[in-house]
Novice: 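Got a structure for you, written out below as structure tokens; questions coming shortly.
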Number of protein chains: 2
Amino acid sequence: MIDAARLDATFHALSDPTRRAILARLAAEGDITVMDLAEPFEMSQPAISKHLKVLEEAGLVSRGRDAQRRPVHLEAQPLAEATGWLIEYRQYWAAQFGRLDDLLGELQRLEAASGKT
Amino acid sequence: MIDAARLDATFHALSDPTRRAILARLAAEGDITVMDLAEPFEMSQPAISKHLKVLEEAGLVSRGRDAQRRPVHLEAQPLAEATGWLIEYRQYWAAQFGRLDDLLGELQRLEAASGKT
DNA sequence: CATACAAATAACTGTTTGGTTCTGTAACTG
DNA sequence: CAGTTACAGAACCAAACAGTTATTTGTATG
């Protein structure tokens, strides 16, 4: 997937609260089956399967196999790429966002100090 | 706007390459009029206006007034919020993303050392 | 082998998106 | 004040989205 299309898919996947909640649960609880994922949502199982397909096509999750179950696994690489895109704008948050800005300003200095580009 | 809806709007706005390109130009060149923004894109002026409306509703740009012109101004706050959401997942990128991971690992240590929550 | 379970697929529906062209409007300009 | 510039809005369209229910597939298990 070319870079732009990958970012398209990643940001689109993140634009839905159900999908963000799925990622949050995977981060907190590790691999989860579809039924277990669907349980807290007021939504049918096929709806969850569709959301998982969106996440999978964006590379944000992968699927395993455990008998009838297809445990869902978080794949965070696209999140790193999306973060990388956003980090480019850190200088524009200036001032208004004290803590995050402080920390990312520090990050920027470290980046310079490390001599890497 | 409640937090989730705001993230929805921000990530959705970022999921289109034309809109990301608009933000990139605003970051690089400062405020730009609609005509100037539209020029490099193979797209009609109303199409650009629609994209700007999406960006504006997400709080990513604001509009000024200069005679007939409505210069577009980057508002980076939602980008900071989106970055804040993504940063929560930094630990899951581990290892695979040397540089960004190193830097954000450093960030994490600084955060701990600073005693802020 | 019949049944139950987990998940995917199909078919359908209403809404949103991303583009178009045409028209309207506010503000400058000769 | 007639014309032009810069933009927004309306109306339209095809494709994509997000959900539904009903059905199918694959894998145990009694």
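Residue numbers start from 1 in every chain, and the chains themselves are labelled A, B, ... in the order their sequence lines are given, proteins ahead of strands.
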Novice: Protein within reach of the bases, or only the backbone? For nucleotides 1-8 of chain D, mark each nucleotide 5' to 3' as B, S or -, using heavy atoms under 4.0 Å.
Specialist: ----BSBB
Novice: Going by heavy atoms in the side chains, are A/Pro46 and A/Lys50 under 4.5 Å from each other?
Specialist: no
Novice: Can you tell which of C/dT9, C/dT20, D/dT20 lies closest to the side chain of B/Met43?
Specialist: C/dT20
Novice: Listed by chain and number, what are the side chain to side chain contact (heavy atoms under 4.5 Å, CB included) partners of A/Met43, not counting sequence neighbours?
Specialist: A/Thr18, A/Phe41, A/Ala47, A/Ile48, A/His51
Novice: Which value, rounded to the nearest 0.5 Å, describes the distance between B/Arg25 atom CZ and B/Asp36 atom CG?
Specialist: 7.0 Å
Novice: Among D/dA11, D/dA18, D/dG9, which is the nearest nucleotide to the side chain of B/Lys50?
Specialist: D/dA11
Novice: Rounded to the nearest 0.5 Å, what's the gap from CG on B/Leu37 to CD1 on B/Ile32? Could you check?
Specialist: 4.5 Å
Novice: Rounded to whole angstroms, how far apart are CD1 on B/Ile48 and C1' on D/dG9?
Specialist: 16 Å
Novice: If every non-hydrogen atom of B/Ala28 is compared with every non-hydrogen atom of A/Tyr92, which pair is closest and at what distance?
Specialist: N-OH, 4.3 Å
Novice: Same hydrophobic cluster for A/Leu23 and A/Leu7, using side-chain heavy-atom links shorter than 4.5 Å among ILVMFWY?
Specialist: yes
Novice: Mind checking whether B/Trp85 and B/Phe11 have parallel, tilted or perpendicular rings, split at 30° and 60°?
Specialist: perpendicular
Novice: Just how far, in rounded Å, is C1' of C/dT9 from NZ of A/Lys53?
Specialist: 8 Å
Novice: Can you tell me how far CG of B/Asp31 sits from CG of B/Leu26, rounded to the nearest 0.5 angstrom?
Specialist: 7.5 Å
Novice: For B/Glu57 and D/dG9, give me the distance from atom CD to atom P, rounded to whole Å.
Specialist: 10 Å
Novice: Nearest whole angstrom, please: distance from the P of D/dG19 to the CZ of A/Phe41.
Specialist: 10 Å
Novice: Quick one, which residues of residues 13-31 of chain B touch DNA chain D with a heavy atom under 4.0 Å?
Specialist: none
Novice: If I take atom NE2 in residue B/His12 and atom P in nucleotide D/dC17, what distance separates them, rounded to the nearest angstrom?
Specialist: 10 Å
Novice: Just to confirm, is there a sub-4.0 Å distance from OP1 or OP2 of D/dC17 to any side-chain nitrogen or oxygen of A/His51?
Specialist: no
Novice: Drop me the distance from A/Ser62's OG to A/Glu75's CD, to the nearest 0.5 angstrom.
Specialist: 3.5 Å
